Each structure stands twice: as C-alpha cells, then as structure tokens.
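Owing to the predicted nature of the structure, the values given are computational and were not obtained by experimental measurement. All chains are named by letter (A, B, ...) in the order of the sequence lines, taking the proteins before the strands, and each is independently numbered beginning at 1.
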There are 2 protein chains.
Amino acid sequence: MESMLTITDVSRRSGVASSALRFYEERGLIASERAGSGHRRYPRSVLRRIAFIVFAQRIGLTLEEIGAELAKLPADRVPSRRDWSRLSGRWTKRIDQRIAELQRLRSGLTECIGCGCLSIDRCSLANPADMAGRKGPGPRYWLG
Amino acid sequence: MESMLTITDVSRRSGVASSALRFYEERGLIASERAGSGHRRYPRSVLRRIAFIVFAQRIGLTLEEIGAELAKLPADRVPSRRDWSRLSGRWTKRIDQRIAELQRLRSGLTECIGCGCLSIDRCSLANPADMAGRKGPGPRYWLG
DNA sequence: CTACAAGTTCAAGTTAACTTGAAGTCAAGC
DNA sequence: GCTTGACTTCAAGTTAACTTGAACTTGTAG
C-alpha cells in the first residue's frame, strides 16, 4: 500500500507549515524520502514525531534540545509507546520547576511589590544575582 | 543633596547592563536627565522602575506591554506603593493562566503521550487548532 | 498541449531584546 | 600636556525559529 504523505498532507494534518517542516528536516528533527520527482514523501509515523516536537516546544524546550531528545529514539524501527514515554518522563521535573518559579513570582507580586520594603537592594525577587545578564546576547526569555 | 546616579551606578545596583538601560530609554521605559557634559543622570526612583521591568519580564510580558503598563503611572510625581500594586494586580490572573497551561501540559505528558491513543488527530494536546502558526513570523514562544 | 497548482533550493528577511563596535567627547590624575 | 576611563551616539550584529521571495521544475486537470 502506497501510504506515504506529501508535505502538504503532513502540514495539514499537523498544523505545522511546510516551510517549518523543511526547516525541521534541515535541522535533523525529521526525515523524508524522495519521490522520483525529488518531492518529499513522509511515512505516517512522522506525524507523531511532529506532535512530539510541538508539544516539547510548548513546554519550553528549544529545537536543539528537542533534537537531542529525539536522537535517543531507536533509529532502526518506528518508536513504540514505551520509547516515547521514556523521553517525556524527564520533562515532568522541568515543568514542575517552571510552575514553582511562576508561583514564586506570583507571591512576590503581592508580597514584594505590594509590600513596604520598597528596596530593590533587599528584595530577593528583583535581585541582580538571580536574574539578568546571563544568557549573553539575544533576547532573555521569561526564565533564566 | 546631589543624589543623582550615573549610568554605571544604576547598572551596578540593578544588575541591568548600561546598554540595556540606554535601550530602555530609547523605548521610553525609563528616562534620564543630563549633566552639563551630556552624561545621563538618574534619580533614585528609577531603580524601582527597573526592578518592575525586570520582574514583569520574568512573568512573561514583552517590553511593549511593560511600557504600556508603566504609562499608567502618574507622570507628575514619584509613584507610590499603591500605584505600583495597582499595576501588578492585573498580572496575577496572567500568571495563573500560565500555571494552568503548564499543568495541562504536565498531565498531558503522562495521559496523552504515555497513553494508548497515539493519534495526533484525536489528541487535544497536539491539536492544530490550539497551537501552531498563529504568531506570524518570528519565534513562537512556549505559549500561544 | 497548455495552464496552473504544488514542489524544490537557496538566500535573505522578521521579531524581540539586547550587545558590540566604531568614532568621538569630557574630566581627572600624573 | 597627555593618557586613561567613563560616557556619548549611531549603525550593525546576535539568536531562535521560522517565513518570504526568487527562480525553477513537476504533476495534473481540462
């Protein structure tokens, strides 16, 4: 059975633009075979891989990190449910850390800014030591 | 008393690089007076303003949004504690939304990827409708 | 057979939030 | 008088994750 998908098929089913799919391929996150014409053909299993990529992005991983995770999947066969859940298991901790950070910020909102200390020097929430200027150039994201 | 601060003073006390301080000024987030030499001089109150900016960034606001918030402060006097807490009050909701999103993702991690459905089409967490391709060009951040 | 849609590559553009570099000014110490 | 250091402006570079455009080739419907 000829069940390979075109790039438009994959784009429509995954919600990810074709340009992004080519970009992911360039970065080694997904792979494709080629039809005689040179057009990309994808196996159905790529959809799960893409879902995983999107999911991981929402959690906050960079494409580079996602690539590193995907590299741990078996190369010789279509990954099983166990394979996938082994990967995602590590993220739980990461999510928990982000949640904790946000909760810390949330309480700081009322306790620190709303409080009377008003001292940037003494306030642990707006403290040089734990925030700015760490990532070098480029945008600094919401979490150091 | 001559208690104005130089840009290096402010940078050291806030942990924000001087280049960033100039950038914030260009964007209208902070202001400075000038010494006869043309060098910037800041009142002490700028430190609280900068703390607020950094805090807001960690919560996930863009500089543009932060600018809009800061514009709501009184222009004719140094903002009071009430002024500040009025601003930050609105953020609580926002933080809660992010926390909820992360918790949703966290449970999806075990329930969806770890589960047997394995169908990208049926999985509400990796669903085209609520995720990709919304922000136009540029990076897509961890939250739609 | 001819449109026209869909696919290809490759280079360059986009956004946010800054940083870096070049070229010049100004004040203080020796 | 001169060097050093802090400061200035302005233009261009950086990073991530893509998108857009140009220039071409292929596949398909009529």
Salt bridge check: are B/Lys72 and B/Asp83 linked by an N-O gap of less than 4.0 Å?
no

How many Å lie between [atom1] on [X] and [atom2] on [N], as a whole number?
{"X": "A/Arg27", "N": "D/dC18", "atom1": "CZ", "atom2": "P", "result": "9 Å"}
{"X": "A/Arg58", "N": "D/dA17", "atom1": "CZ", "atom2": "P", "result": "16 Å"}
{"X": "B/Tyr42", "N": "D/dA6", "atom1": "OH", "atom2": "P", "result": "16 Å"}
{"X": "A/Glu26", "N": "D/dT19", "atom1": "CD", "atom2": "C1'", "result": "13 Å"}
{"X": "B/Glu64", "N": "C/dC18", "atom1": "CD", "atom2": "P", "result": "14 Å"}
{"X": "A/Glu25", "N": "C/dC10", "atom1": "CD", "atom2": "P", "result": "12 Å"}
{"X": "A/Glu65", "N": "D/dA16", "atom1": "CD", "atom2": "P", "result": "11 Å"}
{"X": "A/Leu21", "N": "D/dC18", "atom1": "CG", "atom2": "P", "result": "10 Å"}

Could you check which of [options] has an atom nearest any side-chain atom of [X]?
{"X": "A/Ile7", "options": "C/dT8, C/dC18, D/dT19", "result": "C/dT8"}
{"X": "A/Gln57", "options": "D/dT8, D/dC18, D/dT26", "result": "D/dC18"}
{"X": "B/His39", "options": "D/dT8, C/dA17, C/dT8", "result": "D/dT8"}
{"X": "A/Arg40", "options": "C/dT8, D/dT8, D/dA17", "result": "C/dT8"}
{"X": "A/Thr62", "options": "C/dA17, D/dT26, D/dA17", "result": "D/dA17"}
{"X": "A/Thr8", "options": "C/dA17, D/dT9, C/dA6", "result": "C/dA6"}
{"X": "B/Leu63", "options": "C/dG7, D/dC18, C/dC18", "result": "C/dC18"}

When you measure from the side chain of B/Ser32 to the backbone N and O of B/Arg41, does any donor-acceptor pair fall under 3.5 Å?
no

Just by modelled atom types, is the B/Val10 backbone N or O under 3.5 Å from a matching donor or acceptor in the B/Ser14 side chain?
yes

Within a radius of less than 6.0 Å around CZ of B/Arg77, do more than 12 heavy atoms belonging to other residues, nucleotides or ligands occur?
yes

Short side-chain N/O contact to D/dT9 OP1/OP2 from B/Arg34, under 4.0 Å:
yes

Are any of B/Tyr24's side-chain N or O atoms less than 4.0 Å away from OP1 or OP2 of C/dC18?
yes

DNA chain C: 5'-proximal contact among B/Ser37 and B/Leu61 (nearest heavy atom)
B/Leu61

Of B/Arg40, B/Arg44, B/Glu33, which meets side-chain contact (heavy atoms from CB on, under 4.5 Å) against B/Met4?
B/Glu33

Using the closest heavy atom to pick a nucleotide of DNA chain D for each, name whichever of B/Thr6 or A/Ala35 lands nearer the 5' end.
B/Thr6

